[in-house]
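Written out below as structure tokens is the structure these notes cover.
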Amino acid sequence: MKNKKLWIFLFFLLLFLLALFFLPVKEIFQGNVLRFLQNKAEENFILSAFLYVVLCALAGAFLALPGITYALIAGTVFHAFWGTILCALSASISAGISFLMGRYFLHDAIKPKLEKNPYIKKYFFSGEKRNLLLLLFLTRTIPVFPFNLQNYAYGITDIPFSLYFISSFLFMIPGTAMYTVAFAGLTEKKNPMLYFGISLGILVLLLLASFLFKKKNAVEKDSVKESSVNDIKENSI
């Protein structure tokens, strides 16, 4: 375990040094990231995409900025398709960093804070054995689980990192597409309404899934209350 912690620490240190070397630090502090990446994308698409992924992954893991910020940049600079892929990739890397921190560094410190969230407490720490792949699908597609908290929570579980990372990337594509496609529509001159319509369709599906999930959760709570009341009555008799 000590060797793993050392390697993880060295990994984060290397990541920090690479960030200082590759990232447009001056532009970041001046707030010109969007313009900088747009100019870079015209010159070198691959370099611009690389800078975007690294920048957003680090910002997401250590600054906890709203995901819509990264989707705005992705949709505006890289358009609908590549914007969605790059945004989901950067979010997955960010989630992976939080996962590793939760598993190797913050296990004992972060768990009491995670348990304050009712959904995370129920689905991660209730003691019931759950299908973690199905849980990943639910938490990545239904917007009721706080993104940063759930990443730390997965680090405390026994799910393999490779499965966590790949599944997170795939399951986050619908949510990121909703935003990136909409922002891509703002820069599309030919048929922007098509982009807005696709984004709206994805939003409706996600809201429907969220509603069904909350309804199912409420029904489960009611059934638990009823069973506990019945147990009390039986014991009193």
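From a predicted model like this one, the values you see are computed outputs, not experimental measurements.
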> Can you name the one residue among Leu55, Leu86, Leu37, Thr180 that meets side chain to side chain contact (heavy atoms under 4.5 Å, CB included) with Ile73?
Replying inline: Leu37
> Which pair of non-hydrogen atoms, one from Ile156 and one from Gly102, has the smallest distance, and what is that distance?
Replying inline: CG1-O, 4.2 Å
>> Please give me the minimum heavy-atom distance between Thr141 and Phe171, naming the atom from each residue.
In response: CG2-O, 3.4 Å
> In Å, rounded to the nearest 0.5 Å, how long is the span from OG1 of Thr187 to OH of Tyr195?
Replying inline: 7.5 Å
>> How close do Ala57 and Ser94 get, counting heavy atoms only, and between which atoms?
In response: O-CB, 3.4 Å
> So which heavy atom on Ala88 is nearest to which on Met172, and how close?
Replying inline: O-CE, 4.2 Å
> Rounded to the nearest 0.5 Å, how far apart are CD1 of Ile166 and CG of Leu136?
Replying inline: 11.5 Å
> For the residue pair Leu206 and Gly175, what are the closest heavy atoms and their distance?
Replying inline: CD1-CA, 4.0 Å
>> For a 4.5 angstrom cut-off between non-hydrogen side-chain atoms, does Arg140 reach Gln150?
In response: yes
> So do Leu135 and Ile159 actually touch side chain to side chain, heavy atoms under 4.5 Å?
Replying inline: no
> Could you state the interatomic distance from CD1 (Ile173) to OG (Ser168), rounded to the nearest 0.5 Å?
Replying inline: 11.5 Å
>> For the CZ atom of Phe183 and the CG atom of Leu72, what is their distance to the nearest 0.5 Å?
In response: 4.5 Å
>> Could you check whether atom CZ of Phe137 has more than 12 heavy atoms from other residues, nucleotides or ligands sitting under 6.0 Å from it?
In response: no
> Side-chain contact, heavy-atom cut-off 4.5 Å: Phe169 with Ile93?
Replying inline: no
> How long is the span from the CE atom in Met178 to the CD1 atom in Ile198, to the nearest 0.5 Å?
Replying inline: 14.0 Å
> Mind checking whether Phe78 and Cys87 have side chains closer than 4.5 Å, heavy atoms only?
Replying inline: no
>> Do Leu186 and Thr76 have side chains that approach each other closer than 4.5 Å (heavy atoms only, starting at C-beta)?
In response: no
> Phe196 versus Asn191: any side-chain heavy-atom pair under 4.5 Å?
Replying inline: no
> If you group Ile, Leu, Val, Met, Phe, Trp and Tyr by side-chain heavy-atom gaps below 4.5 Å, do Leu200 and Ile202 land in one group?
Replying inline: yes
> Should the heavy atoms of other residues, nucleotides or ligands under 6.0 Å from CD1 of Ile46 be counted, would the total exceed 12?
Replying inline: no
> Parallel, tilted or perpendicular: which fits the ring planes of Trp82 and Phe45, with parallel below 30° and perpendicular above 60°?
Replying inline: perpendicular
>> Checking the side chain of Tyr70 only, and the main-chain atoms of Thr176 only, is there a donor and an acceptor separated by less than 3.5 Å?
In response: no
> Going from OH on Tyr154 to OG1 on Thr139, what distance comes out if it is rounded to the nearest 0.5 angstrom?
Replying inline: 2.5 Å
>> If you compare all heavy atoms of Ser167 against all heavy atoms of Leu163, which two are closest, and at what distance to 0.1 Å?
In response: OG-O, 2.8 Å
> Is it the case that more than 12 heavy atoms not belonging to Tyr179 sit under 6.0 Å from its OH atom?
Replying inline: no
